[in-house]
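Residue numbers start at 1 and run along the sequence shown.
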Amino acid sequence: MSVERMPAPELLGLNRFNVDEEEPHIVLDKEMCAKCQDKPCLYVCPAVLYKLDKNGAISFDYAGCLECGTCRVMCKNKGIVKWVYPRGTFGISFRQG
Ligand code: SF4
């Protein structure tokens with residue numbers, strides 16, 4: 001018996017987000033991020049929320065965050081100055097397991 005699995009992008013597309021526009025649950029210190037050589041956040045975020053802008057600075061939007069905590073663990077240079085779960089009723093609702 002084979003079990004058909006849905007591709008990851010489709011699975012992620014089922015999720016629902018209630019973004020807290022007033023209180024970001026992840027906040028960066030852009031000056032610290034500018035000094036960081038490795039910028040692991042660019043590679044570890046499964047939602048690809050960390051990007052480089054045209055000036056080479058970190059660009060980040062917490063909307064779409066999967067709340068996995070990987071960026072918090074991998075950020076060794078204290079560029080992430082706040083990482084908490086979103087306030088009640090906000091954040092991601094997983095729809096497929
Ligand atoms: S918690 Fe996970 S999904 Fe959210 S920004 Fe960090 S690495 Fe990306």
Side-chain angles (χ1 to χ4, degrees):
M1 181 175 96
S2 74
V3 177
E4 191 142 334
R5 299 197 60 176
M6 194 180 285
E10 288 180 30
L11 272 173
L12 291 172
L14 297 173
N15 295 329
R16 295 286 177 263
F17 296 91
N18 184 16
V19 179
D20 188 346
E21 305 284 357
E22 294 179 4
E23 195 169 310
H25 71 285
I26 299 174
V27 177
L28 307 182
D29 178 336
K30 293 289 184 82
E31 288 185 21
M32 290 303 295
C33 294
K35 292 178 196 164
C36 177
Q37 294 296 307
D38 297 334
K39 297 182 175 34
C41 53
L42 294 174
Y43 309 102
V44 301
C45 175
V48 197
L49 299 179
Y50 293 86
K51 299 182 173 116
L52 287 179
D53 68 18
K54 62 179 190 269
N55 298 316
I58 290 286
S59 158
F60 173 71
D61 185 355
Y62 61 94
C65 176
L66 303 173
E67 301 170 25
C68 66
T70 307
C71 56
R72 183 176 64 135
V73 171
M74 295 304 292
C75 178
K76 303 294 185 200
N77 292 317
K78 311 246 185 282
I80 297 175
V81 292
K82 176 184 177 186
W83 197 108
V84 295
Y85 286 107
R87 296 187 292 172
T89 75
F90 291 108
I92 190 169
S93 295
F94 292 100
R95 303 294 290 268
Q96 192 76 17

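- By the side-chain contact (heavy atoms from CB on, under 4.5 Å) test, P9 is found to be paired with P7, residues two or more places apart in sequence or in another chain being considered.
- The shortest side-chain heavy-atom distance between M6 and L14 falls under the 4.5 Å cut-off.
- In this structure F17 satisfies the ring pair (Phe, Tyr, Trp, His ring centres under 6.0 Å) test with no other residue, sequence neighbours excluded.
- Clustering of Ile, Leu, Val, Met, Phe, Trp and Tyr by side-chain heavy atoms under 4.5 Å joins F90 with none of the others.
- Of the possible donor and acceptor atoms, none in the side chain of K78 sits under 3.5 Å from a partner among the backbone N and O of C75.
- V81 forms part of a hydrophobic cluster together with V27, judged by ILVMFWY side-chain heavy-atom separations under 4.5 Å.
- Counting heavy atoms from C-beta outward, N15 and L66 have side chains that approach closer than 4.5 Å.
- When all heavy atoms of V19 and A63 are compared, the closest pair comes out as CG2-CB, 3.8 Å.
- Taken from CG in L11 to CZ in R5, the straight-line distance is 7.5 Å, to the nearest 0.5 Å.
- Both L52 and L28 are members of a single hydrophobic cluster when ILVMFWY side chains are connected at heavy-atom separations under 4.5 Å.
- Here the CD-CD1 distance, from E67 to I26, works out to 8.0 Å after rounding to the nearest 0.5 Å.
- In this structure, CD1 on I58 lies 12.0 Å from CG on D29, to the nearest 0.5 angstrom.
- Connection of W83 to F60 is established within a shared hydrophobic cluster, with ILVMFWY side chains joined at heavy-atom distances below 4.5 Å, either directly or through further cluster members.
- In this structure, I80 CD1 and C33 SG are separated by 7.5 Å, a value rounded to the nearest 0.5 Å.
- The environment of NZ in K82 is crowded: more than 12 heavy-atom neighbours from other residues, nucleotides or ligands sit within 6.0 Å.
- Smallest separation of non-hydrogen atoms from L49 and C45: N-SG, 3.4 Å.
- Screening residues 39-65 for side-chain hydrogen bond (donor to acceptor under 3.5 Å, both in side chains) gives no qualifying pairs among residues at least two apart or on separate chains.
- Applying the side-chain hydrogen bond (donor to acceptor under 3.5 Å, both in side chains) definition to pairs two or more places apart or across chains, those involving residues 84-94 are D20-R87.
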